[in-house]
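The figures that follow rest on heavy atoms only: side chains count, while hydrogens, waters and symmetry mates do not. Just so you know, these numbers come straight off a predicted model, no measurement behind them.
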Amino acid sequence: MSTTDRDPLPGPLLGPADIRELAAALGVRPTKQRGQNFVIDANTVRRIVRTAGVRPDDVVVEVGPGLGSLTLALLEAADRVTAVEIDDVLAAALPSTVAARLPPARAERFALVHSDAMRIAELPGPPPTAMVANLPYNVAVPVLLHMLATFPSIERTLVMVQAEVADRLAAAPGSKIYGVPSVKAAWYADVKRAGAIGRNVFWPAPNVDSGLVSLVRRPEPVKTTASRAQVFAVVDAAFAQRRKTLRAALAGWAGSAAAAEAALVAAGVSPQARGEAITVEEFAAIAEHGPASGGGSG
């Protein structure tokens, strides 16, 4: 066999028949409640690992590994992989799948955390340097933001989410879909769309399209005296009534419309602007002058 005939990632990866056999053996049916759609295409997981730029020295955390499609591909590329799985049956089965399909030297570099990702405060082993995940669509944004906040060692993230959510996460100021997820993700990272995923690579096939989102960690956006919680409070208030001007939308946050206007003027932001036009840096400046920060307006 010539080198061109060889599959670069042979054997271990799961195909459609493998996925269905595993699911049948475990009595598993994907549930809408947990947003489960299992990837059944080996080429797709290869593409995800490649797009994520996983390196041989990376410690990768994966949220929602399911039956292990992506997990196996990550273990072939990374130094270590820690998977966080909430489902009892899936969590119990995954270590056996890894052990059965990978050489011992690779399998021993896998760790499983049986927990809700939203409650995770620490992970075993070295700090994660990357996160790669097919996130359950119903909790994708809160899980992503929680992991970025909890593990500052995560330098690079690639997540597969519903296409609409991917667009929102990567949206820039001035876009109609720019909102809370866009600003909060931008607090942590440079965010961009990294590709589209077809419906036929999942079982069951979802009734929505999927997209990849890349997030590369960067320093906090500005040297601000406001805390992340204070900045996020302004963001939440601004978009809770996104059709209103910031003067009106931030009145409750500031204590009055006049106080909101004073904070906005001090931050160099027009009181007549709307949240969808404001950068994360500007939100930080507004927070600096808010009532809770002890800034320029109270």
About how many Å separate [atom2] of [Y] and [atom1] of [X], when rounded to the nearest 0.5 Å?
X    : Y    : atom1 : atom2 : answer
Y188 : L145 : OH    : CG    : 6.0 Å
R199 : N207 : CZ    : CG    : 6.5 Å
S270 : L264 : OG    : CG    : 8.0 Å
L75  : R80  : CG    : CZ    : 11.0 Å
S256 : L250 : OG    : CG    : 11.0 Å
L148 : M131 : CG    : CE    : 5.0 Å

Kindly write out the residues that satisfy salt bridge (charged side-chain N to carboxylate O under 4.0 Å, His left out) with [X], not counting sequence neighbours, or none if the list is empty.
X    : answer
E282 : none
R119 : D116
R217 : none
E155 : R55

Task: salt bridge (Lys or Arg N to Asp or Glu O under 4.0 Å) contacts touching residues 134-151 (sequence neighbours left out) - done: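 Found none.
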
Task: Selection residues 227-240 - residue pairs positive for salt bridge (Lys or Arg N to Asp or Glu O under 4.0 Å), sequence neighbours left out - done: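 Only K184-D236 qualify under salt bridge (Lys or Arg N to Asp or Glu O under 4.0 Å).
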
Tell me if a side-chain donor or acceptor on [X] pairs with a main-chain N or O of [Y] at a distance below 3.5 Å.
X    : Y    : value
H146 : A121 : no
E76  : A73  : no
R247 : A273 : no
S115 : A117 : no
R274 : R243 : yes
S210 : M160 : no
Q241 : A248 : no
Y178 : I278 : yes
D167 : E164 : no
R156 : G53  : yes

Task: Intermediate values then yes/no, salt bridge (Lys or Arg N to Asp or Glu O under 4.0 Å), E276 and R242 - done: CA-CA 7 Å; E276 64 188 38; R242 65 181 296 148; 3.2 Å; yes

Are [X] and [Y] joined in one hydrophobic group, where the rule is that I, L, V, M, F, W and Y side chains link up if heavy atoms are under 4.5 Å apart?
X    : Y    : result
I177 : V191 : no
L246 : V265 : no
L67  : V89  : yes
F232 : V139 : yes

Give me the atom names and distance for the closest heavy-atom approach of [X] to [Y].
X    : Y    : answer
V54  : A78  : CG1-CB, 3.6 Å
T71  : P65  : OG1-CB, 3.4 Å
N134 : L70  : N-CD2, 4.1 Å
P271 : T245 : O-CB, 3.5 Å
P127 : V59  : O-CB, 3.7 Å
R101 : L13  : NH2-O, 3.3 Å

Are [X] and [Y] packed together at the side-chain level, in the sense that at least one heavy-atom pair is separated by less than 4.5 angstrom?
X    : Y    : result
E62  : V84  : no
P204 : F38  : no
L144 : L215 : yes
I154 : T129 : no
H114 : D88  : yes
V61  : F151 : no
L14  : L72  : yes

Open item on the list: Show every side chain to side chain donor-acceptor pair (under 3.5 Å) that has at least one partner inside residues 102-113, sequence neighbours left out.
Closed with: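 Every side chain to side chain donor-acceptor pair (under 3.5 Å) pair that includes a residue of residues 102-113, provided the two are not neighbours, is D79-R109.
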
side-chain contact (heavy atoms from CB on, under 4.5 Å) against [X], all qualifying residues, sequence neighbours excluded:
X    : value
P95  : F110, L112
P124 : T82, A111, V113
T44  : V39, D41, I48, I197, V201
A267 : V269, A285, I286, H289

TODO: Output all residues satisfying side-chain hydrogen bond (donor to acceptor under 3.5 Å, both in side chains) with R47, sequence neighbours left out; order by chain, then residue number.
DONE: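 So R47 forms no side-chain hydrogen bond (donor to acceptor under 3.5 Å, both in side chains) with any residue.
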
TODO: With side chain to side chain contact (heavy atoms under 4.5 Å, CB included) as the test, would you mind laying out the steps for K192 and V213 before giving the verdict?
DONE: CA-CA 6 Å; K192 66 178 183 179; V213 182; over 6 Å; no

Task: Pair T279, E281: side-chain N/O donor-acceptor within cut-off below 3.5 Å - done: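 Yes, E281 and T279 have a side-chain donor paired with an acceptor closer than 3.5 Å.
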
TODO: Take V234 and W253 through the test side chain to side chain contact (heavy atoms under 4.5 Å, CB included) and record every step on the way to the result.
DONE: CA-CA 7 Å; V234 179; W253 162 79; 3.4 Å; yes

Open item on the list: Once you measure the plane-to-plane angle for F283 and F239, does it fall in the parallel (<30°), tilted (30-60°) or perpendicular (>60°) bin?
Closed with: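 Correct class here is tilted.
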
TODO: Show your reasoning for whether side chain to side chain contact (heavy atoms under 4.5 Å, CB included) applies to S214 and V216.
DONE: CA-CA 7 Å; S214 165; V216 177; 4.1 Å; yes

Open item on the list: Does V208 form a side chain to side chain contact (heavy atoms under 4.5 Å, CB included) with Y137? I'd like the steps, not just the answer.
Closed with: CA-CA 10 Å; V208 294; Y137 288 173; 4.0 Å; yes

